[in-house]
Number of protein chains: 2
Amino acid sequence: MAERKPRKDAARNRKAVLEAADALFARAERPEDLTMADIAAAAGVGKGTLFRAFGDRAGLLRALYEARLEPVREAAEAGPPPLGPATSPQERVPALLDAILCFKLDNRRLALALEESGSNSLYQAEHYERWHGLLRSMLEQIPGLDDAAFTAHALLAATRADLVERLADQEGTPRERLRDQLAGFATRVVSSDPATSRHD
Amino acid sequence: MAERKPRKDAARNRKAVLEAADALFARAERPEDLTMADIAAAAGVGKGTLFRAFGDRAGLLRALYEARLEPVREAAEAGPPPLGPATSPQERVPALLDAILCFKLDNRRLALALEESGSNSLYQAEHYERWHGLLRSMLEQIPGLDDAAFTAHALLAATRADLVERLADQEGTPRERLRDQLAGFATRVVSSDPATSRHD
DNA sequence: CGTCGAACCGGACCCAGGGTCCGTATTCTA
DNA sequence: TAGAATACGGACCCTGGGTCCGGTTCGACG
């Protein structure tokens with residue numbers, strides 16, 4: 001049952017690939033034309049090795065992404081306020097979205113490459129389920145807000161990598177402004193008074 | 001300066017391609033593996049013709065999409081309430097998003113193909129600019145809502161084709177429920193009482 | 001340390017699919 | 001109806017993801 005440990009060279013190569021890819025994505029301005037062969041070459045490894053270790057392009061991207069995301073995940077699941085659990089949903093929802101936004105700003109190319117890779121690879125990535133579940137559970141605690149599941153999706157959609165890139169890179173919106181806007185939006189969603197919402 | 005009119009056969013072929021592609025996308029369950037050669041064959045035309053008429057894959061997708069979208073556009077810009085101009089922003093914003101959602105539900109494959117095609121082709125499609133501009137101008141009329149531009153992006157993000165597909169096809173959410181949820185979300189955003197929004 | 005099998009390496013190779021080219025056919029103009 | 005302009009179409013090119021397999025490295029064991 002227990003996976004027997006990989007050979008030393010395999011482990012070394014895996015790490016080399018991860019590091020090389022990380023560096024390449026950080027530098028690349030067009031992540032989609034960063035080829036697998038490029039990555040293999042940069043890591044000093046054959047293409048075969050790369051595919052054996054990660055399955056396919058999406059697999060590599062996912063591995064990279066999850067690795068980078070790890071700290072954020074921990075902070076969100078067990079860290080200090082306002083991100084951690086000891087916070088009211090009204091504050092924690094914007095805080096979580098802010099954390100995700102910052103992450104995507106800091107890892108633009110990678111996030112972009114991941115979300116663009118193949119058919120809706122975003123929605124079947126584990127981290128998406130994680131964020132969605134977490135967000136939904138927060139939203140469920142907010143009185144007068146039904147459809148927590150949908151709302152969670154909608155809020156997460158506002159942090160899509162390509163949107164972030166458009167706003168930050170193409171339109172040049174400064175980081176802090178973007179953060180404020182998203183926080184404002186989230187707060188609005190989370191704190192709207194249902195009595196005001198008359199429409200039909 | 002004036003574009004001289006295209007030759008008769010060119011026009012006929014263009015139409016043939018459009019129709020064939022339309023039919024194919026409607027039937028296909030995996031829009032991404034519907035190849036250009038397939039479309040050309042179905043239209044009874046050579047690949048060259050297809051590329052000459054539309055430039056590239058994204059161009060064809062855009063043309064198809066815009067054509068289908070035309071009625072919605074008209075309804076939104078000059079139709080009767082609640083979609084048309086003679087409606088208060090509080091009602092019209094949800095109505096517009098609903099129209100977009102319905103459109104994407106009815107043209108799932110096509111929308112998916114378009115949004116997946118190449119680097120952020122969604123955000124440089126004309127219709128995106130149109131919706132965004134329209135939405136923004138509505139939101140600007142709502143007191144207490146700043147960042148109309150960002151809010152418009154965020155709301156539109158909730159209608160992303162891949163999200164719609166996940167909810168409708170993969171999770172099986174019924175159409176009407178989805179519409180209700182989106183409308184509820186939009187209404188919430190649009191009608192939240194700013195006095196309630198304390199966060200710092 | 002020597003040996004042997006398993007695990008791994010890497011780059012040559014395969015193939016689909018987007019996009020191009022150019023000799024031929026069609027349409028338009030006069 | 002001739003000649004130029006335009007369009008046709010499918011053979012062809014090329015990139016890039018993914019596979020394969022002969023050769024190498026690892027490490028367990030004697």
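Every chain is numbered from 1 and lettered A, B, ... according to where its sequence line falls, protein lines coming before strand lines.
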Which atom pairs link the protein and nucleotides 28-30 of chain C when you take only N or O atoms and keep those under 3.5 Å?
from: C:dC28; atom 1: OP1; to: B:Lys8; atom 2: N; distance (Å): 3.4

I need the minimum non-hydrogen distance between [X] and [Y], along with the two atoms involved.
X: B:Asp162; Y: B:Glu115; value: N-OE1, 4.4 Å
X: A:Leu97; Y: A:Leu182; value: O-CD2, 3.6 Å
X: B:Pro94; Y: B:Thr187; value: CG-OG1, 3.7 Å
X: A:Arg177; Y: A:Thr173; value: CG-CG2, 3.8 Å

Could I get a table of every N or O pair under 3.5 Å where one atom is in the protein and the other is in nucleotides 28-30 of chain D?
none

On the 0 to 90° scale, with breaks at 30° and 60°, tag the B:Tyr123-B:His153 ring pair as parallel, tilted or perpendicular.
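If you compare the ring of B:Tyr123 with that of B:His153, the planes turn out perpendicular.
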Does some side-chain heavy atom of [Y] sit less than 4.5 Å from a side-chain heavy atom of [X]?
X: B:Arg188; Y: A:Asp147; answer: no
X: A:Met138; Y: A:Gln90; answer: no
X: A:Leu167; Y: B:Phe150; answer: yes

Trace of the salt bridge (Lys or Arg N to Asp or Glu O under 4.0 Å) decision for A:Glu126 with A:Arg73
CA-CA 12 Å; A:Glu126 284 138 61; A:Arg73 193 196 115 212; over 6 Å; no
Report all side-chain donor-acceptor pairs from residues 11-29 of chain B shorter than 3.5 Å, counting only partners two or more places apart or in another chain.
from: B:Asn13; atom 1: ND2; to: B:Asp9; atom 2: O; distance (Å): 3.4
from: B:Arg14; atom 1: NH1; to: B:Ala53; atom 2: O; distance (Å): 3.4
from: B:Asp22; atom 1: OD1; to: B:Arg68; atom 2: NE; distance (Å): 3.0
from: B:Asp22; atom 1: OD1; to: B:Arg68; atom 2: NH2; distance (Å): 3.2
from: B:Asp22; atom 1: OD2; to: B:Arg68; atom 2: NE; distance (Å): 3.1
from: B:Asp22; atom 1: OD2; to: B:Arg68; atom 2: NH2; distance (Å): 3.1
from: B:Arg27; atom 1: NH1; to: B:Ala23; atom 2: O; distance (Å): 3.3

Does A:Phe185 have any ring pair (Phe, Tyr, Trp, His ring centres under 6.0 Å) partners at least two apart in sequence or in another chain, and if so, which?
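Testing A:Phe185 for ring pair (Phe, Tyr, Trp, His ring centres under 6.0 Å), a comparison that skips the adjacent residues, returns none.
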Is there a residue in residues 27-58 of chain A whose heavy atoms reach under 4.0 Å of DNA chain C, and which residues are they?
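When residues 27-58 of chain A is checked for heavy atoms under 4.0 Å from DNA chain C, the hits, listed by number, are A:Gly44, A:Val45, A:Gly46, A:Lys47, A:Gly48, A:Thr49, A:Arg52.
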By a strict heavy-atom criterion of less than 4.0 Å, which residues belonging to residues 10-24 of chain A are in contact with DNA chain C?
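Result for residues 10-24 of chain A: A:Ala10, A:Asn13, sorted by number.
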Using the rule that Ile, Leu, Val, Met, Phe, Trp and Tyr join whenever any side-chain heavy atoms are under 4.5 Å apart, tell me whether B:Tyr128 and B:Val164 fall into a single cluster.
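Linked, B:Tyr128 and B:Val164 end up in one cluster.
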